[in-house]
Protein chains: 4
Amino acid sequence: MQREHRPLGRPRQDLKEKPTKNVILDVATRLFLEQGYQVITMDDVAKKCGVTKATVYYYYKTKADLFTDAMVQMMIRIRRRIFDILSADKPLKERLFEFAKAHLQATVDIDLNGFMKEATTSLSSEQLQQMKGAEDKMYEALEQALINAMENGEIPKSHPQLGAHSFVALLTVGNYKDADQQPIFPSIDEMTKQIVDFYWNGLGNE
Amino acid sequence: MQREHRPLGRPRQDLKEKPTKNVILDVATRLFLEQGYQVITMDDVAKKCGVTKATVYYYYKTKADLFTDAMVQMMIRIRRRIFDILSADKPLKERLFEFAKAHLQATVDIDLNGFMKEATTSLSSEQLQQMKGAEDKMYEALEQALINAMENGEIPKSHPQLGAHSFVALLTVGNYKDADQQPIFPSIDEMTKQIVDFYWNGLGNE
Amino acid sequence: MQREHRPLGRPRQDLKEKPTKNVILDVATRLFLEQGYQVITMDDVAKKCGVTKATVYYYYKTKADLFTDAMVQMMIRIRRRIFDILSADKPLKERLFEFAKAHLQATVDIDLNGFMKEATTSLSSEQLQQMKGAEDKMYEALEQALINAMENGEIPKSHPQLGAHSFVALLTVGNYKDADQQPIFPSIDEMTKQIVDFYWNGLGNE
Amino acid sequence: MQREHRPLGRPRQDLKEKPTKNVILDVATRLFLEQGYQVITMDDVAKKCGVTKATVYYYYKTKADLFTDAMVQMMIRIRRRIFDILSADKPLKERLFEFAKAHLQATVDIDLNGFMKEATTSLSSEQLQQMKGAEDKMYEALEQALINAMENGEIPKSHPQLGAHSFVALLTVGNYKDADQQPIFPSIDEMTKQIVDFYWNGLGNE
DNA sequence: TATGAATGAGGCTTCATTCAT
DNA sequence: GATGAATGAAGCCTCATTCAT
């Protein structure tokens, strides 16, 4: 765990350049999230990164690999976010509100269900396992927060896995737009409040 | 496994077979639901129908057309089902339970969000309108049932659109399988009961 | 050569309806002339005629047959027009002018060269013979007029076949439009006059 | 007959072969000239080049692009030839003769009219502009030679644009073959002489 | 580390043609 | 005489992937 030997003084400017592999992963993640696995081509990724397709293949052996890595990393990041937000020292409802709001503000709708479905046909079973694993861990982070709250007596005891999934499911309501592009509530704040209230009731609170 | 190749030309009108167009629409609907728009090819559809691709194109000018029609028809059917089940003369909670159960029993997970996302990238704006229109109407059917119940005093007054969307969103929880292919609850009945209870609380009932 | 027995009196209205076969031929001729053999589909023809493809096939065994017939009939008509115009009792130059003008007024550019080239790949050799035959006869009509004029002393003796082809070739100049859609001369009359003058000189007149 | 399939990936840079892009353009030009736009498939081009279709698409995004480029390059070459031949220091008639002969010797009949017609239906308006532009410039080269000759007093003053187009139009006469495959004159030399003489008269020379 | 050049496989779509009615 | 339903063959184009440099 020791840091590598590094020259003294201020690092050179070009050290700030993100390594190519990271650029690719970040760009890919965004593109896949925005448009889905099938629609995005390796060329799309390459072009957005300012490199060639061959370079992408230098870092990721297949498209499926790139996708898997992108999704897994993303779920890890979300899990970390859940941890961060939900371990704050505030009433659970407030923490849920914060998380919900953060989630709904992210422009891209993270439709995990959809991604898993698209992936099923194209990924190796090992890759699917990886994704599923990351997904499960993500939910577990939420579950844990609920379990804690149940033990604290903050909320009634109930099935925490159901609670975790229900929360994420309800968040998708926030992304709905009708035929005229109207969301259900005009502001994100209102949207978030309503969803969290609904969820809070659902948990059995009065 | 499939029918032998038919001879050229118009087939004899022997048996009272389902008209080819219907066969195509039904098969396409199932395939699209199971695997998504991008993954399914026109050839997949054709082969499953025992006809050639050209025949599929005889009835549907493009893949996007076929998809749109399939989705719209499906949403119309669901809407009808909602009507049928929700207009029965029973307590609302029972009716919700019935609908939820029917929905969760359908083998294919009807992930509307996912479909709309895939559609966005590949359909004409006119086709998107059609799909969105059908989707909205579907939700309206649910909303109406909620509105009635609020007026009856069966449930507290609240935002019916939110209620409708929340219900559908919660249903997706029933399709979740973890990395070991385990659903959250082992039986559909239990699953349905838990989801409807959660929802029922969410609506503000005590 | 006796006329068929026909009922006395005025024929019924519906006798005025052009027989379907003729409609097809006429429509096909126009479409092929306007857009070429390959581009026009049997469906295009059928739709413009208000019948189905199968009907077109009822009258013409193949697309190549329809095309051949259309082109041959057209060349026969042109040949007749040449006869009519060129056998009038006026100075040759006037007659040439008239024919040229009639030709240039027809909106469609009858680019026989182009048609023969397109046809070569797609027609049977017998069909090609038919077309070539009709084309040759068409030119012969012009040649004959030139031969007559040479014998009359109206124009110097020269190679009549060259004369006939040169005339038709020069007419194509009238259809030229530059990148800004400008023809070489602004009015058809001026165009015709200039071309015929040029031709007239070419024949060796002073 | 053709090269064996190449292995995947970048080929060894062995011999000083013509760059693939040039090979494709040259082959395509010849094929399009010989048989027309619609008849030639991208596969035809690829096979004649000993590469796969995908390779052709690597260099040209669409068939229309390939065609446009082929035609434009060809017209640029012709224009250069016009320049070269017509700027020699000889009497105009001799120069015209030379150009005509060179043109008629080229085995393929360059039927510009036909190509422009085929193009109209299939090319984007931008591509059409490109082709038209190249065509116009080609004619302008001829016009300029005529203008010079008029100013020299070598030929009478007349409309140079008409002169340029007439010349090219008359050249097509040289490619005519009748139903028995007979050209109008048996030898190219005689053909050329007759056409140029006709043209020379047409210009108003005595 | 990065890329340019190439391929194979496959997807969408069109179209001439056929045939029972 | 006319048509609706179907097919087979082919054409355009895309894309994940490979490999020598």
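Every chain is numbered from 1 and lettered A, B, ... according to where its sequence line falls, protein lines coming before strand lines. All values reported here derive from a predicted model rather than from experimental measurement.
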For [X] and [N], give me the distance from atom [atom1] to atom [atom2], rounded to whole Å.
X	N	atom1	atom2	answer
Tyr37(C)	dC15(E)	OH	P	13 Å
Tyr60(A)	dC15(F)	OH	C1'	20 Å
Leu123(A)	dA16(F)	CG	C1'	14 Å
Gln38(A)	dT14(F)	CD	P	17 Å

Test side-chain hydrogen bond (donor to acceptor under 3.5 Å, both in side chains) applied to [X] - qualifying residues, sequence neighbours left out:
X	result
Thr120(B)	none
Asn22(C)	none
Thr121(A)	none

For this session: Can you see which heavy atom on Thr29(A) is nearest to which on Leu25(A), and at what distance?
Result: OG1-O, 2.6 Å
For this session: Return the minimal non-hydrogen interatomic distance between Met75(C) and Met131(C), and the atom names on each side.
Result: CE-O, 3.5 Å
Exercise. Should Tyr58(D) be listed as having a side-chain N or O under 4.0 Å from OP1 or OP2 of dT14(F)?
Worked result: no
Exercise. Below 4.0 angstrom from OP1 or OP2 of dA2(F), is there any side-chain N or O of Thr20(C)?
Worked result: yes
Using the salt bridge (Lys or Arg N to Asp or Glu O under 4.0 Å) criterion, which residues pair with [X]? Sequence neighbours excluded.
X	answer
Asp26(B)	Lys18(B)
Asp65(A)	none
Lys47(A)	Asp43(A)

Seminar exercise, completed: For DNA chain F, consecutive-pair runs of 3 or more (Watson-Crick or G-U wobble, both H-bond-type distances under 3.5 Å) give E:2-21 with F:2-21
Seminar exercise, completed: By nearest-heavy-atom nucleotide on DNA chain F, the more 5' of Val39(D) and Val56(C) is Val56(C)
Problem set entry | Most 5' of Tyr57(D) and Lys21(B) on DNA chain F, judged by nearest nucleotide | Lys21(B)
Seminar exercise, completed: Residues at least two apart in sequence or cross-chain that pass side chain to side chain contact (heavy atoms under 4.5 Å, CB included) with Gln130(A), listed by chain then number, are Thr68(A), Val72(A)
Seminar exercise, completed: What residues 42-55 of chain C contributes to the DNA chain F interface at heavy-atom separation below 4.0 Å is Val51(C), Thr52(C), Ala54(C), Thr55(C)
For this session: Check DNA chain F against residues 61-71 of chain B and give the residues with a non-hydrogen atom under 4.0 Å, in numerical order.
Result: none
Expected list for residues 31-40 of chain B: side-chain donor-acceptor pairs under 3.5 angstrom, two or more places apart:
residue  : atom : partner   : partner atom : Å
Tyr37(B) : OH   : Ala64(B)  : N            : 3.3
Gln38(B) : NE2  : Ser122(B) : OG           : 2.9

Exercise. So what does Tyr59(A) hit on the nucleic acid, given a heavy-atom distance under 4.0 Å: a base, only sugar-phosphate, or nothing?
Worked result: sugar-phosphate
Could you give the side-chain donor-acceptor pairs of residues 51-60 of chain C under 3.5 Å, partners two or more places apart or in another chain?
residue  : atom : partner  : partner atom : Å
Thr52(C) : OG1  : Thr55(C) : OG1          : 3.2
Tyr60(C) : OH   : Asp69(C) : OD2          : 3.4

